[in-house]
Number of protein chains: 2
Amino acid sequence: MNDQSRPKRNRPPSMYDVARLAGVSQTTVSFVVNNVTSAAISQETRDRVWAAIHALGWRPNAVARSLRTRHSQTLGLISDEVVTSPYAVRMILGAQEAAWNNRQMLLVVNTSGQQDIEQTALQFMLERQVEGLIYATMYHHEVTPPTGITTVPTILVNCFVADRSLPAIIPDEVQGGYTATETLILRGHRRIAFINEIIPMPALFGRLEGYRRALTDYGLPFDQSLVRSCHSNAQDAFSAARDLLERPDRPTAIFCFNDKMAMGVYDAIKRLGLRIPQDVAVIGFDNLELIAAQLYPPLTTIELPHYEMGKRAVELLQSLPAGESLPPTQHYIPCPLIERASV
Amino acid sequence: MNDQSRPKRNRPPSMYDVARLAGVSQTTVSFVVNNVTSAAISQETRDRVWAAIHALGWRPNAVARSLRTRHSQTLGLISDEVVTSPYAVRMILGAQEAAWNNRQMLLVVNTSGQQDIEQTALQFMLERQVEGLIYATMYHHEVTPPTGITTVPTILVNCFVADRSLPAIIPDEVQGGYTATETLILRGHRRIAFINEIIPMPALFGRLEGYRRALTDYGLPFDQSLVRSCHSNAQDAFSAARDLLERPDRPTAIFCFNDKMAMGVYDAIKRLGLRIPQDVAVIGFDNLELIAAQLYPPLTTIELPHYEMGKRAVELLQSLPAGESLPPTQHYIPCPLIERASV
DNA sequence: CTGAAAGCGCTAACAT
DNA sequence: ATGTTAGCGCTTTCAG
């Protein structure tokens, strides 16, 4: 039971233990570990220190360092349902990878949309001294974040506040709708239907706006009867598509509000014995791999740039000089076309 | 420019500032904040302290507390691709909610399967004094986690080490395969096909085993020609199903290795003018909402218990007395039947 | 009922 | 080229 040269108590070795073993001061250890250039430590000393570190299996204690430096190297991510939704997990990935590149880590909490959890989560994160906060939502909509969120640099992702007083990163729905429609037009389609979402939300208005603008730009008439609204699920889209396709002057292309709807549209087209894309072309929105790549033929669609949004959010936070906060810019991220085989 | 009773420097107020304002010692503030029962503080003092706290807008500094108490209240989650995959995001949710219930937070990093990132991530997490570690994978398979992972209580989720020397939480594939098959049998089916995955992995063997056991238990013969293997995508499953259904003695039910494959199987059945489930019943695996609920008719399937696995992992970690580590038990989590309309 | 004092493990002036 | 020293903000004996 002798404790010869063992670290004190039962704790993991501290820098002090390393210093003792190496026969130097704790300061010196800190200098060599952190490669402090202002203090030129002799190579011989460095070697002794590293040897002691390895002998002891010492590992820096980031908590102690954070306390001292007042830098937690941590970013907080509060989301409503993002984590439960395949739509947007890539947002977390983008944020996490960007954080990683800066030696930061991500503290995540999912609030399931509950206000009280949201408020508590914010408190917990602030207590943990996060250096920046991302407030993200599953689908693009207006929000009122918990009070006190601006205590630390914050950025909204996939959402915005009514008065646009907080910086936000949101998908460019208009461009997305435009690109989808334009893609169809450039393939020669003239009668392009649009099966839109029915519940009012930015995506609905933005994509419709893009659809109209593209028609206008290419000199095509806007035909109200070609635009249908329904809930964004395969079932309802199936009915909408069937109605559209049973008309004598049926559209030759259908732009779907999202990939789930495209699934129903595929069913309707096949049921009528028509072929995709020869008889009717289909373009979706979201780029849900799971659906888009599995459908036959694989679905051409517009991607919601989740990864990019997460990445940009973190990069913006990192670009900030200490103590400042981000200007309330609304960053619109383009929604790229993902070509597969349905157009 | 007078600084009367303002917190020192430019920092957020500390407990010391609160104490001064309330006219008590820092100790007293700590006692009232933490509701320390061993020290009975008078109600009047408590009120003064709380008043000061609110006046100053003081918030505890969790980093300082962690340093002092040696408890970070943090769990680490290292995953390969889990975060990118809709399959398993619910695992993170389960883990996060369980952590939350214990006032812990989750530090997550996705390694994209890269060994070096994995190793670094582990180091970072240990430096941050995580009190437990979850090592999770996207799909159920064998792994060799980074060295040093057992420095802190660790549990594997959806994976295991060859010698089973680390505790693991894994889906009960055999039971899942059994349940799927039994469900079909109980609906009166006698010729049940199984379109299995072709790449060797625990899920393939487990589900097949369950399929065979169910047949045996119900006195049905195992017919090798009814079992097909292909890559788990809709396309290949489409072909496999067509082959199966074009036989004169076609099966009346098809058990699909996963929901993606079920998508292709649906297409094949419909293409042949058959109805689901009247002419042929279909059961999937995974319970990918996105597919299962959108398919027509909605797909009956077996759920991969991701949420439950994440939750259990954290709860096991939390149940651990300080300083101990989990016994290397392999916890099999049941895969429940999710009834929709395809059987 | 309350306070003094000693750290937790580390960084960073400032000395030497 | 390296050591002394003073904290970072908090918890927790131990005294009174």
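A, B, ... follow the sequence lines: proteins, then strands. Residue 1 opens every chain.
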Does C:dA4 have OP1 or OP2 sitting under 4.0 Å from an N or O in the side chain of B:Thr27?
-> no
Check whether any side-chain heavy atom of B:Leu156 lies under 4.5 Å from a side-chain heavy atom of B:Val161, and answer yes or no.
-> yes
Decide side-chain contact (heavy atoms from CB on, under 4.5 Å) for A:Thr74 and A:Arg128; before the verdict, give the C-alpha distance in whole Å, the side-chain angles of both, and the deciding distance to 0.1 Å.
-> CA-CA 8 Å; A:Thr74 302; A:Arg128 280 151 189 266; over 6 Å; no
Under-4.0 Å side-chain N/O to phosphate OP1/OP2 contact, B:Ser30 with D:dC10 | no
Separation of A:Arg128 atom CZ from D:dC10 atom C1', in whole Å?
-> 15 Å
Along DNA chain C (nearest heavy atom to each residue), the more 5'-positioned of B:Ala40 and A:Ala64 = B:Ala40
Interatomic distance, B:His71 NE2 vs D:dC10 C1' [rounded to whole Å] | 14 Å
Verify the contact: side-chain N or O of B:Thr45 to OP1 or OP2 of C:dT2, cut-off strictly under 4.0 Å; return yes or no.
-> yes
Student check: side-chain heavy atoms of A:Pro171 and A:His140 closer than 4.5 Å | yes
Would you mind reading off the distance between A:Leu126 atom CG and D:dG9 atom P, rounded to a whole angstrom?
-> 16 Å
Report yes if at least one side-chain N or O of A:Arg11 is closer than 4.0 Å to OP1 or OP2 of C:dC8; otherwise report no.
-> yes
Does A:Ser42 have a side-chain nitrogen or oxygen under 4.0 Å from the phosphate oxygens OP1 or OP2 of D:dT2?
-> yes
Given D:dG3, is OP1 or OP2 found less than 4.0 Å from the side-chain N or O atoms of A:Thr28?
-> yes
Measure the distance from CE on A:Met15 to P on C:dG7 and round it to the nearest whole Å.
-> 20 Å
Could you give me the CA-CA distance, side-chain angles and deciding distance for B:His141 and B:Phe160, then say whether ring-ring contact (aromatic ring centres under 6.0 Å, His included) is met?
-> CA-CA 7 Å; B:His141 67 137; B:Phe160 55 91; 8.0 Å; no
With respect to the side chain of B:Val24, which nucleotide from C:dG3, D:dT2, D:dC10 is positioned closest?
-> C:dG3
Would you say the side-chain atoms of B:Glu118 and B:Tyr135 include a donor-acceptor pair closer than 3.5 Å?
-> yes
Only one of B:Val89, B:Asn158, B:Ile333 passes side-chain contact (heavy atoms from CB on, under 4.5 Å) with B:His306, and that residue is B:Asn158
Below 4.0 angstrom from OP1 or OP2 of D:dG9, is there any side-chain N or O of B:Ser14?
-> no
Whole-Å gap separating C1' (C:dC10) and CZ (A:Arg59) | 16 Å
Interatomic distance where CG belongs to A:Asp17 and P belongs to C:dG9 [whole Å] = 8 Å
Counting only side-chain N and O atoms of A:Asn61, is one of them less than 4.0 Å from OP1 or OP2 of C:dC8?
-> no
Check whether any side-chain N or O of B:Arg68 sits under 4.0 Å from OP1 or OP2 of C:dG9, and answer yes or no.
-> no
Establish, with yes or no, whether the OP1 or OP2 oxygen of C:dG9 is under 4.0 angstrom from a side-chain nitrogen or oxygen of B:Arg70.
-> yes
With sugar-phosphate meaning primed atoms plus P, OP1 and OP2, does B:Val63 contact a base, only sugar-phosphate, or nothing at under 4.0 Å between heavy atoms?
-> nothing
C:dC10 P sits how many Å from A:Asn34 CG, rounded?
-> 10 Å
Any B:Thr69 side-chain nitrogen or oxygen under 4.0 Å from OP1 or OP2 of C:dC8 | no
Given atom CD of B:Gln26 and atom P of D:dT13, what is their separation to the nearest angstrom?
-> 16 Å
